[in-house]
Amino acid sequence: MTTPIIRVDRLDKSFGKLKVLDGLSFEVMPGEKLALIGPSGSGKTTILRILMTLETISGGHIEVCGEQLYHMQKNGQEIPADEAHLHHMRNYIGMVFQHFNLFPHKSVLDNVTLAPILTKGVPRAKAEAHAMELLEMVGLADKARAMPSQLSGGQKQRVAIARALALQPRIMLFDEVTSALDPELVEEVLSVMKQLAVETDMTMLLVTHEMGFAHEFADRVLFFDRGQIIEQGPPEQIFTNPTQERTQAFLRKIIAAGHRV
């Protein structure tokens, strides 16, 4: 049996009195492609931000690559993780955000090489050679010297994907990466993600409202509602024969809005 690369166990997260994740438990196997779907405010993005250590947890445990994410052992006791432990754990995970977050005053090449040089001490020549390979993969090698202001939204998002890949994470998180794009630019970003899914064994978690893409991309779909997983299964089952009324109602709304599943 292969060991899960991510284990989430009875995870709670509250913002003040608002409970966003409520006893959430699930596992992800190495290389698995997971789509997280559900209404806004259901906790999908929060779980990605917690995995990326951008939010703390209120209760429960998370294990990533066989190590506790938010806890560590000291003198035989389990204690909250310190910053050094969190920094170490971040090496396993990369994230691509809805709003690119590129450094506006640095070139495309510099955006991709900055983190490997600064956080991992990769020599500049080696970092640039790897960055050019990644930019070639996302179809932007010719834009290496361009500034972000010279790029379309779709091109910026593809640079953001290359930047996340530059740190060679074992797990990639994608948070609504097409929702800020004009419709005609969405496909160029999705095609890069399809390529990643097919050509690499990277574990990928995707939060999306693009149900058609989730159907093609995912090995498994998790339907979130009110901080819990209401239903999960293969895309074919979730999108064509969901068993839970809440899943059915959500998909009816999506179809009524003109989205394909």
Worksheet entry | A164 to P169 - nearest heavy-atom pair and separation | O-CD, 3.4 Å
Fill in: Whether D12 side chain and G23 backbone form a donor-acceptor pair below 3.5 Å
yes
Worksheet item: Just by distance, do the side chain of K156 and the backbone of L102 share a donor-acceptor pair under 3.5 Å?
Response: no
Worksheet entry | Min side-chain heavy-atom separation L196-I161 under 4.5 Å | yes
Practice prompt. Looking only at non-hydrogen atoms, find the nearest pair between L114 and F103 and report the distance.
Written response: CD2-CE1, 3.6 Å
Fill in: same_hphob_cluster(L36, M202) at 4.5 Å side-chain heavy-atom cutoff
no
Worksheet item: Going by heavy atoms in the side chains, are L181 and F100 under 4.5 Å from each other?
Response: yes
Worksheet item: Angle class for the F223/F250 ring planes (parallel below 30°, perpendicular above 60°, tilted otherwise)?
Response: tilted
Fill in: Backbone of T56 reached by a side-chain donor or acceptor of K13 within 3.5 Å
yes
Discussion item. Heavy-atom count check: over 12 atoms from other residues, nucleotides or ligands less than 6.0 Å from K126 NZ?
Written reply: no
Worksheet entry | From H61 atom NE2 to R10 atom CZ, the distance as rounded to the nearest 0.5 Å | 8.0 Å
Item to complete: Starting at CG of L11, measure out to CD1 of I62 and round the result to the nearest 0.5 Å.
Response: 4.5 Å
Item to complete: Without swapping roles, check the side chain of K44 against the backbone of G38 for a donor-acceptor pair under 3.5 Å.
Response: yes
Worksheet entry | Backbone of A127 reached by a side-chain donor or acceptor of T113 within 3.5 Å | no
Worksheet entry | Flag if over 12 foreign heavy atoms under 6.0 Å of CZ, R220 | yes
Item to complete: Mark yes when over 12 heavy atoms from residues, nucleotides or ligands other than D142 sit less than 6.0 Å from its CG; otherwise mark no.
Response: yes
Practice prompt. Would you check if the side chain of D225 reaches a backbone N or O of P39 as a donor-acceptor pair within less than 3.5 Å?
Written response: no
Worksheet entry | Non-hydrogen atoms of Q157 and V177 that approach each other most closely | NE2-O, 2.8 Å
Worksheet item: Can you tell me how far the CG atom of L222 sits from the CD1 atom of I229, to the nearest 0.5 Å?
Response: 4.0 Å
Worksheet item: Between E188 and Q155, is any pair of side-chain heavy atoms under 4.5 Å apart?
Response: yes
Practice prompt. Spell out, yes or no, whether V20 and L69 are grouped together once hydrophobic residues are joined by side-chain heavy atoms under 4.5 Å, including indirect joins.
Written response: no
Practice prompt. Show the numbers, then the answer: is there a side-chain contact (heavy atoms from CB on, under 4.5 Å) between K194 and F213?
Written response: CA-CA 9 Å; K194 282 178 197 165; F213 179 66; 3.4 Å; yes
Practice prompt. Using the side-chain contact (heavy atoms from CB on, under 4.5 Å) rule, take L34 and Q232 through it: C-alpha gap first, then chi angles, then the decisive distance, then the call.
Written response: CA-CA 10 Å; L34 235 62; Q232 60 178 300; over 6 Å; no
Discussion item. Is it true that, when you exclude Q73 itself, more than 12 heavy atoms of the residues, nucleotides or ligands shown sit nearer than 6.0 Å to its CD?
Written reply: yes
Worksheet entry | Path from V64 to V8 over hydrophobic side-chain contacts below 4.5 Å | yes
Item to complete: Decide whether L86 and I171 are clustered together by the hydrophobic rule: side chain heavy atoms of Ile, Leu, Val, Met, Phe, Trp, Tyr closer than 4.5 Å, transitively.
Response: yes
Worksheet item: Are the side chains of L54 and F97 in touch, meaning some heavy atoms are under 4.5 Å apart?
Response: yes
Worksheet item: Could you go step by step and tell me if E128 and L109 meet the side-chain contact (heavy atoms from CB on, under 4.5 Å) rule?
Response: CA-CA 7 Å; E128 289 190 352; L109 186 63; 3.9 Å; yes
Practice prompt. With the side chain counted from C-beta on, respond yes when K143 and V159 share a heavy-atom pair under 4.5 Å apart, and no when they do not.
Written response: no
Worksheet, complete the sentence: When every non-hydrogen atom of L206 is compared with those of M193, the smallest separation belongs to CD1-CE, 3.4 Å
Item to complete: Walk me through it: do E176 and T45 pass the test side chain to side chain donor-acceptor pair (under 3.5 Å)?
Response: CA-CA 8 Å; E176 294 283 13; T45 288; 5.8 Å; no
Worksheet, complete the sentence: Correct closest heavy-atom pair for T208 and M211 would be O-CE, 3.6 Å
Practice prompt. Taking R158 for its side chain and V138 for its backbone only, find out whether a donor-acceptor pair lies under 3.5 Å.
Written response: yes
Worksheet item: Is there side-chain contact between I5 and C65, with at least one heavy-atom pair below 4.5 Å?
Response: yes
Worksheet entry | Residues S107, M147; criterion side-chain contact (heavy atoms from CB on, under 4.5 Å); working and verdict | CA-CA 5 Å; S107 70; M147 302 300 284; 4.2 Å; yes
Discussion item. If you count heavy atoms of other groups shown closer than 6.0 angstrom to CD of E136, is the number above 12?
Written reply: no
Worksheet entry | Beyond-backbone contact of L48 with M95, side-chain heavy atoms, under 4.5 angstrom | yes
Worksheet entry | Transitive ILVMFWY side-chain link L173 to V28, under 4.5 Å | yes
Worksheet item: Judged by atom type as modelled, is there a donor-acceptor pair below 3.5 Å linking the side chain of T203 to the main-chain atoms of G31?
Response: yes
Worksheet item: Where does the angle between the aromatic ring planes of H88 and H85 fall among parallel (under 30°), tilted (30 to 60°) and perpendicular (over 60°)?
Response: tilted
Worksheet item: Between A214 and A35, what is the shortest heavy-atom contact and its length?
Response: CB-CB, 3.9 Å
Worksheet item: For atom CZ of R7, is the number of surrounding heavy atoms from other residues, nucleotides or ligands below 6.0 Å larger than 12?
Response: yes
Discussion item. Looking only at the side chains, is there a donor atom on one of E231 and T243 sitting less than 3.5 Å from an acceptor on the other?
Written reply: yes
Worksheet item: From R170 CZ over to T200 OG1, what is the distance, rounded to the nearest 0.5 angstrom?
Response: 13.0 Å
Response to the item:
Separation between CG (L134) and CD (Q168), nearest 0.5 Å, reads 8.0 Å
Fill in: For F224, the option from I37, L24, T46 that meets side-chain contact (heavy atoms from CB on, under 4.5 Å)
L24
Worksheet item: Side chains of M172 and L165: closer than 4.5 Å at any heavy-atom pair?
Response: yes
Worksheet, complete the sentence: The reported gap from CZ in F217 to CG in L190 (rounded to nearest 0.5 angstrom) is 10.0 Å
Worksheet item: Hey, are K33 and E216 close enough for a salt bridge, meaning a charged N less than 4.0 Å from a carboxylate O?
Response: no
